[in-house]
Amino acid sequence: MRLTFLGTGTSAGVPCIGCACEVCTSEDPRDRRTRTSAALRFTDPAGHDRTLLLDCGPDLRAQALAARLTRCDGVLFTHNHVDHTFGVDELRRFNAVMHAPIDIYAEAHTMTFLRRVYAHIFDKDRNVQDSFVATLLPHVIEPGLPLNLFGLRVTPLRFLHGRLPIAGYRFDATPELAAKSDSGATTASGPAATHPLLPLVYATDVNGIPPETWPSLRGLRTLVLGALRHRKHPTHYTLDEAVNAADRIDAAQTYFVHMSHELAHAETQASLPDRMSLAHDGLEIT
């Protein structure tokens, strides 16, 4: 199992158009950030390779090529903003390669947005002429109601993005997947080990965690959390706010994403507490 950070930037990306700041002109490749997205790749209990995308932004084509993605078994959307949804048209290539439809998962308001923006996909019969569009199978999710996806228990969690309620996701191994862990060992109570990444929570574009979500943030091995910049923002955690939340959650390792051009990678990384890191495009953790 591996988590690949396809993109780690804010909605404008880094470098920003028309900006000559130190970060936008940096020669450090970790300061080049496409729009935030990730891919979770793993082997299911039957031995098949699987890939789940976390969001599907406008840089998906370049991200998929850079990460050498060859399949997509599902997309988990956090919310309906453009930088997290405007890569849906690119999913058609995975349909063509896999000869299969792709399941997508989103809350009701995000699914309504997707159906409106991508009417040419969801109402294909109304297109003026037949064309090459993605084949998607929509599934509406609700916070707190887990899904079983290829041996992973995926639980949508409620987070706040300003006044907009959005979804984050917790990933746990089912007993079937845990039994396929590296050790393969079992005890009387079940598998002795799970994957080192799990439990994992992915939560970008966050500036608030409701009381009902905190119990689901206990015992994490991996936390991915948005950290926009130093200055206060109405809908995103600042770096300090993200560090404080991560400190309270106390995951074994935390990775920050959705950074603006106000955070230089090397300088910011040097200031972070132990067990906390800035992610960067192309980073893979296993």
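Note that these values count all heavy atoms, side chains included, but never hydrogens, waters or copies made by symmetry.
By the rule that hydrophobic residues join a cluster once side-chain heavy atoms approach within less than 4.5 Å of another member, Leu198 and Leu220 end up as members of separate clusters. Under a hydrophobic-cluster definition in which Ile, Leu, Val, Met, Phe, Trp and Tyr are linked whenever side-chain heavy atoms come within less than 4.5 Å, directly or via other members, Leu177 and Leu149 are assigned to the same cluster. No path of Ile, Leu, Val, Met, Phe, Trp and Tyr side chains, each step under 4.5 Å between heavy atoms, connects Leu239 with Val224, placing them in separate hydrophobic clusters. Ile102 is not connected to Tyr169 by any chain of hydrophobic side-chain contacts under 4.5 Å among Ile, Leu, Val, Met, Phe, Trp and Tyr, and they are in different clusters. Residues Leu3 and Leu152 fall within the same hydrophobic cluster, defined by Ile, Leu, Val, Met, Phe, Trp and Tyr side chains chained together at heavy-atom separations under 4.5 Å.
Heavy atoms only, all atoms of each residue included: Pro156 and Leu145 are closest at CD-O, 3.2 Å. Contact record, Thr70 with Met98: O-CG, 4.4 Å, taken as the closest heavy-atom pair. When all heavy atoms are compared, the tightest approach of Thr155 to Pro146 is OG1-CB, 3.5 Å.
At a threshold of 4.5 Å between non-hydrogen side-chain atoms, the residues Leu54 and Phe5 do not count as touching. Leu147 has its side chain within reach of Ile141: a pair of non-hydrogen atoms, C-beta onward, lies under 4.5 Å apart. Residues Thr85 and Cys56 form no side-chain contact, since every pair of their non-hydrogen atoms from C-beta on lies 4.5 Å or further apart. Annotation: side chain of Leu160 is in contact with side chain of Pro210 (closest heavy-atom distance under 4.5 Å). Contact annotation: the side chain of Thr112 never approaches that of Thr110 to less than 4.5 Å [non-hydrogen atoms, C-beta and beyond]. A 4.5 Å side-chain heavy-atom check between Gln269 and Ser277 finds at least one atom pair inside the cut-off. Side-chain contact between Leu272 and Phe256 is present, with heavy atoms from C-beta onward closer than 4.5 Å. For the pair Leu217 and Trp214, the minimum side-chain heavy-atom distance is below 4.5 Å.
Of the possible donor and acceptor atoms, none in the side chain of Ser37 sits under 3.5 Å from a partner among the backbone N and O of Gly57. Looking at Gln253, its side chain does come within 3.5 Å of a backbone N or O of Arg275 through a donor-acceptor pair. Between the side chain of Asp83 and the main chain of Thr36, no donor-acceptor pair closer than 3.5 Å is present. Looking at Ser260, its side chain does come within 3.5 Å of a backbone N or O of Leu228 through a donor-acceptor pair. Checking side-chain atoms of Asp247 against main-chain N and O of Val243 turns up no donor-acceptor pair under 3.5 Å. Distance alone, capped at 3.5 Å, places no donor-acceptor pair between the Asn127 side chain and the Gln129 backbone. Judged purely by atom type and a 3.5 angstrom limit, Arg115 has no side-chain atom pairing as donor or acceptor with the backbone of Phe122. Between the side chain of Arg33 and the backbone N or O of Gly7, no donor-acceptor pair lies under 3.5 Å. The main-chain N or O of Arg158 is found under 3.5 Å from a side-chain atom of Thr213 such that the two form a donor-acceptor pair. A side-chain donor-acceptor contact under 3.5 Å links Ser26 to the backbone of Asp28.
Sorted by first and then second residue, the ring pair (Phe, Tyr, Trp, His ring centres under 6.0 Å) pairs with a member in residues 45-82 read His79-His81, His79-His84, His79-His161, His81-His161; sequence neighbours excluded. Residue pairs satisfying the salt bridge (charged side-chain N to carboxylate O under 4.0 Å, His left out) criterion with at least one member in residues 67-77, sequence neighbours excluded, are listed as follows: Arg50-Asp73, Arg71-Asp73. Pairs of residues two or more places apart, or lying in two chains, never qualify as salt bridge (charged side-chain N to carboxylate O under 4.0 Å, His left out) while including a residue from residues 211-220.
Taking CD of Glu241 as the reference point, atom NE2 of His230 lies at 12.5 Å (rounded to 0.5 Å). One finds the CZ atom of Phe159 at 12.0 Å from the CG atom of Asn207 (value rounded to the nearest 0.5 Å). To the nearest 0.5 angstrom, Arg41 atom CZ is 9.5 Å from Leu53 atom CG. Here the CG-OH distance, from Leu137 to Tyr105, works out to 8.5 Å after rounding to the nearest 0.5 Å. Here CG of Leu283 is found 6.5 Å from CD1 of Ile285. Values are rounded to the nearest 0.5 Å. Annotation: the span from Leu164 atom CG to Thr235 atom OG1 amounts to 9.0 Å, rounded to 0.5 Å.
Of the candidates Asp281, Leu278, Thr204, Val257 forms a side chain to side chain contact (heavy atoms under 4.5 Å, CB included) with just one, namely Thr204.
Aromatic ring pairs are classed by plane angle as parallel below 30°, tilted from 30° to 60° and perpendicular above 60°; the pair His233 and His236 is perpendicular. Taking the six-membered ring where tryptophan is involved, the planes of His265 and His280 are perpendicular, since the angle between them exceeds 60° and thus also 30°.
Side chains of Asp31 and His261: no donor on one and acceptor on the other come within 3.5 Å. Looking at Gln63 and Thr34, their side chains do bring a donor and an acceptor atom within 3.5 Å of each other. Between His139 and Asp103, the side chains place a donor N or O and an acceptor N or O closer than 3.5 Å (distance only, hydrogens not considered). For the residue pair Thr174 and Glu176, a side-chain donor N or O sits within less than 3.5 Å of a side-chain acceptor on the partner.
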Go through the steps to decide whether Val201 and Thr222 satisfy the test side chain to side chain contact (heavy atoms under 4.5 Å, CB included), and finish with yes or no.
-> CA-CA 6 Å; Val201 163; Thr222 310; over 6 Å; no
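Contact check on Asp172 versus Arg170 returns a salt bridge, with a Lys/Arg side-chain nitrogen under 4.0 Å from an Asp/Glu carboxylate oxygen. For Arg35 and Asp59, the salt-bridge test passes: some basic side-chain N is under 4.0 Å from an acidic carboxylate O. Between Glu284 and Arg2, at least one side-chain nitrogen of the basic residue sits less than 4.0 Å from a carboxylate oxygen of the acidic one, meeting the salt-bridge criterion.
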